[in-house]
**Q** 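Here you go, one structure.
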Amino acid sequence: MPLQPRANPLCRRLIIREDPDAASTYIADYIVERINGFEPTPEKPFVLGLPTGSSPVLIYKRLVERHKKGDISFKDVVTFNMDEYVGIPRDHPESYHSFMWKHFFSHVDVSPSNIHILDGNAPDLEAECAAYEAAIRAAGGIELFLGGIGPDGHIAFNEPGSSLTSRTRVKTLAYDTILANSRFFGNDLEKVPRMALSVGVQTVMDAREVVIIITGAHKALALQKCIEGGVNHMWTLSALQLHPHPLIVVDEDATLELQVKTVKYFKSIESVASGLGFGQGLPATARASSRKPLPIQTDPATIAAPKSVAASGDRRRVDSILQSPTTAEELMRAPTPELVPDRMSSRIEDGGVGAGVGIGLKGLVVGDLENERMGARVGV
Amino acid sequence: MPSAINPSPTGITKLTNCRLIKDGRIVNEDLWISAKNGKILDSQEVFYAERATADEVVDLGGRLVAPGFMDVQMNGGFGFDFSTVPEDISQYAKGVKKLNKSLVQTGVTAYLPTLPSQKSEVYHKVLPFLAPSGTSRDSSLGAESLGAHVEGPFISPTKNGIHSPSVLLPGFPNGIADVEACYGVSNLPWAERQQDDLPSPIRAITLAPELPGALDVVRELAARGLVVCIGHTEASYEVAGAAMRAGARMVTHLFNAMRPLHHRNPGVFGLLGTDSPLPSSPIASSPSSPSSSALDVSARPLPAAAAATPQKPFFGLIADGIHLHPTSVALAYRAHPRGCVLVTDSMALLGLPDGTYAWTNGERITKRGALLTLDGSVADSATTPGAASKSNNDTAAATKSEEEEEQGERAASPGSSAASSPGSSASASAPDTPRKPAPRIAGSAVTLVECVNNFAAWSGGGLAAAVGCVTGAPARMLGLDGVKGGLEPGCDADLVVLGGGEDGGGEGGGAGEVWVEMVWKFGRRVFVRGEGGKEGE
């Protein structure tokens, strides 16, 4: 049964690369492969979720390179961005519109009618957020959501303490985020936007695949909390433990706080798989929208696996806001090779835990916490 | 979620894989331009707000893109002379049109047609044809007149250069009325105009500020929105400073036709050594006013001078290797980099084969490459001691040019004329220079891009700075920053794509020569080298 891990629809992947450059290249190449494998058309575009920030800059650079080489077209790619500040002009150099234009959109053939970025100057911000969720649904859900995290483990503007079942909404920025961002606004706290529009944790979790880049020693603690710690709204990315198809790509520095066995385990998964001629791609069964499985991804075990799971599961997740993304059906899992102490996997393997987390969270996430929650986090 | 492909053309062109020459720096950026409004676009805003993309993407293969060149002193070219009145005046209009189409191929997209001193009737006849021609924003018309530059006749009879002494006027006994009488009041901005009339033909006036009544006239002209240039003058440093305080803005072909720098009287050149920089925005604006007002896109009244110290002027330099020694060019540039404006002072013979040609007033001009001399003329060393030494240098340069001119290249072909070869004039003051009487230089037959190459090699400022001297600087001088001479969104999409200019390491004269590959006017491509142009290579 050495091929079993590849057939596992619940493949969780942590890829460790030497430096940010290599990690970014891995992700960019992965995205290129995914989009090309998807064979998008105007009628069936590839829906891509996109982040801003310092971490993804190198990924965009590499994507642009691949585009200029002719390896990839974004013509039939629909994009949804994670977040945008409230109340700064769209052409402000620090706006996320400007970021996306500067680093990505201006260099590729993406159609302006296919891109979506939240409008932080909309007259009715709540309506803007609701419309955004509706637009994602109308696009058929997000196929792949790319993201980064902050040093406190936040994804998008889902600061510590945000609801793990949150949807796109208006967010008040945490005080230390305002402090950290003031460097982009002439070190003037008054000029830093206080609010942002942001997709929710659940919006990200609804994507059929979530790809996260984490690089640098300053994010090592966040990585540790998010994959070795429990699912916890103080480290919002930890919700990823409940996602069926996460891919986290990190550099060596980011692993500093991880246990040695965690690092070794994930490295061994990759080396074993590649030794057998497999990459760390998404199992063909999970490519809900692919018209046909990619030849390089097929193996007998994959074909034998249940086919309709992901597709039906996805649709259901889109419709149901609060439902846990995991289902009993998806929890079918084959044994991992060797190295049993896999904390994330073992947690999910117990169907009761997933449900339990969902129930437990309901009590925790009445609403987003106010700024003083930052003080609470210091104690964690 | 079908992605809507824009079925209707947006008129947008995206220039990509290019290096933009922007504010004295070379940056790797795309440029979006619109053929619909003829302007450079804020690409991000177009993408997000109008959801529009480019109809056409032009890959420039890493070439340089500069704003369209501007020449604020140009007497003619391609066989047409702005000062020659034909029997049939309709031929004059045709000649201007033809010149515009030829001129644009040299990278000059906007210019001031210049008239050396003439009889009053010539101004009355021809100025209406030289009015700003860009109002229709028709790119097929070629280069655009920004209005005429009248150089004289209110100039010094002893610094007349090749201006005919018989037509010069001695001063302004009647003040501004003398100006109106000379050029015709209908050719001046304050003339009453019908709504659909062309704008005022005259944009700039070169005069000698030491003439009687000149300073009051300078004050009056500047207040009424004309660019006043100091030139063909015997003015001392003090008089020149007074003219600056009165509102003068520029020095016409610095060093030429004026007193040379003397350590006890620095003359007009001394203005470059004054402390207060020329303001690019009105001095009077209160510090509390929002800074964005300085970035206003529309043309605005030129700032009036008020400071006690004369402001530093803009100054024209003819960097043809004949009118100026390379060191003089570098000296002036380093004294006041922001004020440096390269001009050609080109004559009708620009773009014509070498030979001897008839000129106005029955005189003749001989063309050899970029060098033009007035036949039979000899510099009057008795009355103009400064000019004598200058002329000797000029002769030296000219002799050298002749030697190198054996190849017989057109001035318009890129990087081929002797004038554009950096070393030719630098070594020109060699002892074997013949000391025969020096003929007077009669303007030049140099193209602006050759001046740019020369300047880049001589000034030490590099190519980007040289391009700034034919784009941003003349635009600022004319009060057109934000409209012309820049690559910022909102500027007119007048562009020159330059070949060559290989990166020689930035600072210094390392950059190789450039030539005009492509020209865009109002967002449309109007010239591609090798496609029906005169370029033969």
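If you're wondering where the values come from, they're calculated on a predicted model, not measured in any experiment. Just so it is clear, the values below take in all heavy atoms, side chains as well, and ignore hydrogens, waters and symmetry mates. All chains are named by letter (A, B, ...) in the order of the sequence lines, taking the proteins before the strands, and each is independently numbered beginning at 1.
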**Q** Quick one: side chain to side chain donor-acceptor pair (under 3.5 Å) partners of A:S73, sequence neighbours excluded?
**A**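 Result, side chain to side chain donor-acceptor pair (under 3.5 Å) vs A:S73: A:D109.
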**Q** Using a 3.5 Å distance criterion without hydrogens, assess whether the side chain of B:R63 forms a donor-acceptor pair with backbone atoms of B:L60.
**A**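 Yes, the answer is positive, given that a donor and an acceptor are paired below the 3.5 Å cut-off.
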**Q** I need the contact set between residues 23-35 of chain B and chain A: heavy-atom distance under 4.5 Å, sorted by residue number.
**A**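 Near chain A, by residue number: B:D30, B:W32.
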**Q** Looking at A:D91, A:I115, A:I117, which has the largest count of heavy-atom pairs under 4.5 Å with chain B?
**A**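 Among the listed options, the one with the most contacts to chain B is A:I115.
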**Q** Identify which part of B:A54 has an atom lying under 4.5 Å from any heavy atom of chain A, answering side chain, backbone, both or neither.
**A**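 No part of B:A54 comes within 4.5 Å of chain A.
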**Q** How are the rings of A:F80 and A:H116 set to each other: parallel, tilted or perpendicular (split at 30° and 60°)?
**A**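 Parallel: the ring planes of A:F80 and A:H116 meet at under 30°.
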**Q** Just checking, any donor-acceptor pair under 3.5 angstrom between side chains of B:W515 and B:E513?
**A**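 Note: B:W515 and B:E513 side chains miss the donor-acceptor criterion.
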**Q** Please indicate whether B:R524 has more than 12 foreign heavy atoms, meaning atoms of other residues, nucleotides or ligands, lying under 6.0 Å from its CZ.
**A**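 For B:R524, atom CZ is not crowded (no more than 12 foreign heavy atoms under 6.0 Å).
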**Q** Can a donor-acceptor pair be found, under 3.5 Å and without considering hydrogens, that links the side chain of A:E84 to the backbone of A:Y96?
**A**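 Indeed, once roles are kept as given, a pair shorter than 3.5 Å links the two residues.
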**Q** Does any pair with a residue in residues 186-210 of chain A pass ring pair (Phe, Tyr, Trp, His ring centres under 6.0 Å), and if so which ones, sequence neighbours excluded?
**A**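 Non-adjacent pairs meeting ring pair (Phe, Tyr, Trp, His ring centres under 6.0 Å): zero.
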**Q** Sub-3.5 Å donor-acceptor pair from the side chain of A:N181 to the main-chain atoms of A:V192, do we have one?
**A**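 Between the backbone of A:V192 and the side chain of A:N181 there is no qualifying donor-acceptor contact (under 3.5 Å).
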**Q** Which residues, numbered in order, of residues 97-106 of chain A come under 4.5 angstrom of chain B by heavy-atom distance?
**A**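 Checking residues 97-106 of chain A against chain B gives A:H97, A:S98, A:M100, A:W101, A:F105, A:S106.
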